Amino acid sequence: MKLRNTIRILSVFLIPGILTISCSDMTSDIKELIGTKTHTIQSLSLTIPAPGIEVNTYETTYELWHEVREWAAKNGYSFKNPGNEGSYQWSFQPSKRKYMPVTTITYMDAAVWLNAYSRKSGLSPAFYTDSSFSTEYRDSNQAMAELYMNADSNGYRLPTVSEWKMVAKAGTKFKYAGSNNCDDVAVYGQSKTNECGTKLPNSWGIFDMSGNVWELCYLSTTNVTAKGGSYGANDYALAIDYTPYPMSFNTAVDYIGFRIFRTVH
């Protein structure tokens, strides 16, 4: 069950620029990259992004949230909200529902937690109170009109919307993350969350990018949003290209959580 806390590397091997491969008859098995069958390729032109990205296979579980939050409280970090086990009431110690996604936290709680997890892991924090990235954000009780995310940091952070969509699509054209049938891949249209990873993953092996809980995404220093839909949403909100409105930094509800991303140089 510890797998639900695993960070899965997606693209650390990618380099910048355009790679053009031309050949008379080259067979390339790209199943591991985009989940397709073997293809015979006559000419291939790829735009290869850099740097790479790491992304958690699962939405952040309450178990991992609690573990890091305990460490953070002993190391100078403070939180406005303790977090819930999915759509269930808060239990300080992880219970049998510990593999539910953590919810009922604000964007600012998530930012502080991600900074703490970075420090705990020997990485540089990603969220700061100033544009020069000199003052780390460590207390979500400190209301912020602006919060700065250093996407070039090697620490844990939230995805941008474009990064989230790239991972959700996983090289495919599916409407939902992993299928055109949302019943295959999404927890939705019900009254409670599921444990993370109870539906099929997308082509890169990433679970619950459609459904279960909305996932926080960074928009700008003053705006944050969430993608993917939730357990109580209708199917249209689960679509990868569905665009919700920006949300308040202070929103803390039982249908919004987050997924860990990290820039790899």
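These values consider heavy atoms only, across backbone and side chains, with no hydrogens, waters or symmetry-generated copies. Fair warning: this is a prediction, and the values are worked out from it, not measured in the lab.
Side-chain contact check for Asn84 and Thr104: at least one donor-acceptor pair (N or O, by modelled atom type) lies under 3.5 Å. With no hydrogens or angles considered, no side-chain donor-acceptor pair links Glu59 and Tyr99 at under 3.5 Å. Residues Ser78 and Arg138 have side chains that never bring a donor and an acceptor to within less than 3.5 angstrom of each other. Side chains of Asp109 and Asn81: a donor on one and an acceptor on the other come within 3.5 Å. Between the side chains of Asp208 and Tyr231, no donor-acceptor pair of N or O atoms lies under 3.5 Å. Side chain to side chain, Tyr156 and Arg262 fail the donor-acceptor criterion of an N or O pair below 3.5 Å. Defined by atom type and a distance below 3.5 Å, a donor-acceptor pair is missing between the side-chain atoms of Ser179 and Asn181.
Nearest heavy atom pair, residue Ala145 against residue Thr222, reads O-CG2, 3.6 Å. Residues Val264 and Glu54 share a closest heavy-atom pair of CG2-CG, 3.4 Å. Nearest heavy atoms, Gln142 versus Tyr137: O-OH, 2.8 Å. For the pair Tyr62 and Gly83, the tightest heavy-atom approach, listed with the atom from each and the gap, is CE1-O, 3.6 Å. Contact between Pro125 and Asn115 at its shortest, heavy atoms only, is CB-OD1, 3.3 Å. Across every non-hydrogen atom of Ser124 and Ser153, the tightest pair is O-OG, 2.8 Å.
At least one side-chain heavy atom of Thr225 sits under 4.5 Å from a side-chain heavy atom of Pro244. For the pair Pro101 and Asn212, the minimum side-chain heavy-atom distance is below 4.5 Å. When side chains are defined from C-beta on, Tyr255 does not count as touching Thr103, because their heavy atoms never get closer than 4.5 Å. Inter-residue side-chain proximity for His66 and Gln93 is flagged as met; some heavy-atom pair is nearer than 4.5 Å.
Taken from CG in Asn250 to OH in Tyr107, the straight-line distance is 12.0 Å, to the nearest 0.5 Å. With rounding to the nearest 0.5 angstrom, the OG1 atom of Thr193 is 4.5 Å from the CE atom of Met100. The distance from the CE atom of Met166 to the OG1 atom of Thr160 is 8.5 Å, given to the nearest 0.5 Å. Of the inter-residue distances, the one linking Glu63 atom CD with Thr61 atom OG1 reads 5.5 Å to the nearest 0.5 angstrom. From Ser87, atom OG reaches atom NZ of Lys192 across 4.5 Å, with rounding to the nearest 0.5 Å. For the atom pair CG of Asn154 and OG of Ser118, the computed distance is 7.5 Å after rounding to the nearest 0.5 Å.
Judged by the 6.0 Å and 45° rule, Lys199 forms no cation-pi pair with Phe207.
Of the charged side-chain nitrogens involved, at least one lies within less than 4.0 Å of a carboxylate oxygen, so that Glu163 and Arg157 count as a salt-bridged pair. A salt bridge does not link Arg97 to Glu85: none of the charged side-chain nitrogens sits closer than 4.0 Å to a carboxylate oxygen. A salt bridge does not link Asp235 with Lys175: none of the charged nitrogens is closer than 4.0 Å to a carboxylate oxygen. Salt bridge status for Lys120 with Glu67: present, with a side-chain N to carboxylate O gap under 4.0 Å. Salt-bridge annotation for Arg259 and Glu215: present, with a side-chain N of the basic residue lying under 4.0 Å from a carboxylate O of the acidic one.
Ala226 is linked by a side chain to side chain contact (heavy atoms under 4.5 Å, CB included) to Trp214, Met247, counting only residues two or more places apart in sequence or in another chain. Shown here are the side chain to side chain contact (heavy atoms under 4.5 Å, CB included) partners of Phe258, two or more places apart in sequence or in another chain: Thr60, Trp65, Val102, Ile105, Ala110, Trp113, Leu114, Leu158, Leu216, Ile260.
In the hydrophobic clustering of this structure, Phe261 does not group with Phe133; members are Ile, Leu, Val, Met, Phe, Trp, Tyr whose side-chain heavy atoms approach within less than 4.5 Å, directly or through other members. Residues Trp71 and Phe79 are members of one and the same hydrophobic cluster, defined by side-chain heavy-atom contacts under 4.5 angstrom among Ile, Leu, Val, Met, Phe, Trp and Tyr. Hydrophobic cluster membership differs between Tyr77 and Tyr148, with clusters built from Ile, Leu, Val, Met, Phe, Trp and Tyr side chains linked at under 4.5 angstrom. When the side chains of ILVMFWY residues are joined at heavy-atom separations under 4.5 Å, either directly or via intervening members, Val253 and Phe249 end up in a single hydrophobic cluster. Tracing side-chain contacts under 4.5 Å through hydrophobic residues (I, L, V, M, F, W, Y), one reaches Val187 starting from Tyr242; they form part of the same cluster.
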For this session: Take Val213 and Ile256 through the test side-chain contact (heavy atoms from CB on, under 4.5 Å) and record every step on the way to the result.
Result: CA-CA 5 Å; Val213 293; Ile256 296 177; 5.8 Å; no
Pair Leu219-Val161, side-chain contact (heavy atoms from CB on, under 4.5 Å): steps then yes or no:
CA-CA 7 Å; Leu219 284 177; Val161 169; 3.6 Å; yes
Worksheet item: When you look at Lys173 and Lys169, which way does the side-chain contact (heavy atoms from CB on, under 4.5 Å) test go after all the steps?
Response: CA-CA 7 Å; Lys173 295 181 179 180; Lys169 289 182 177 179; over 6 Å; no
Which is it for Glu136 and Arg119 under the salt bridge (charged side-chain N to carboxylate O under 4.0 Å, His left out) test, yes or no, and what are the steps along the way? CA-CA 11 Å; Glu136 179 187 351; Arg119 292 289 192 189; 3.0 Å; yes
Phe127 and Asn150: side-chain contact (heavy atoms from CB on, under 4.5 Å), yes or no, with the steps? CA-CA 6 Å; Phe127 292 92; Asn150 183 4; over 6 Å; no
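Asn202 places a side-chain N or O within 3.5 Å of a backbone atom of Ala168 that can act as its donor or acceptor partner. The main-chain N or O of Tyr117 is found under 3.5 Å from a side-chain atom of Ser121 such that the two form a donor-acceptor pair.
Counted within 6.0 Å of OH on Tyr128, heavy atoms from surrounding residues, nucleotides or ligands total more than 12; the atom is thus considered enclosed. Surrounding NZ of Lys165 are more than 12 heavy atoms belonging to other residues, nucleotides or ligands, all under 6.0 Å away.
Hydrophobic cluster membership for Leu238: Tyr176, Val185, Tyr188, Leu200 (Ile, Leu, Val, Met, Phe, Trp, Tyr linked by side-chain heavy atoms under 4.5 Å, directly or transitively).
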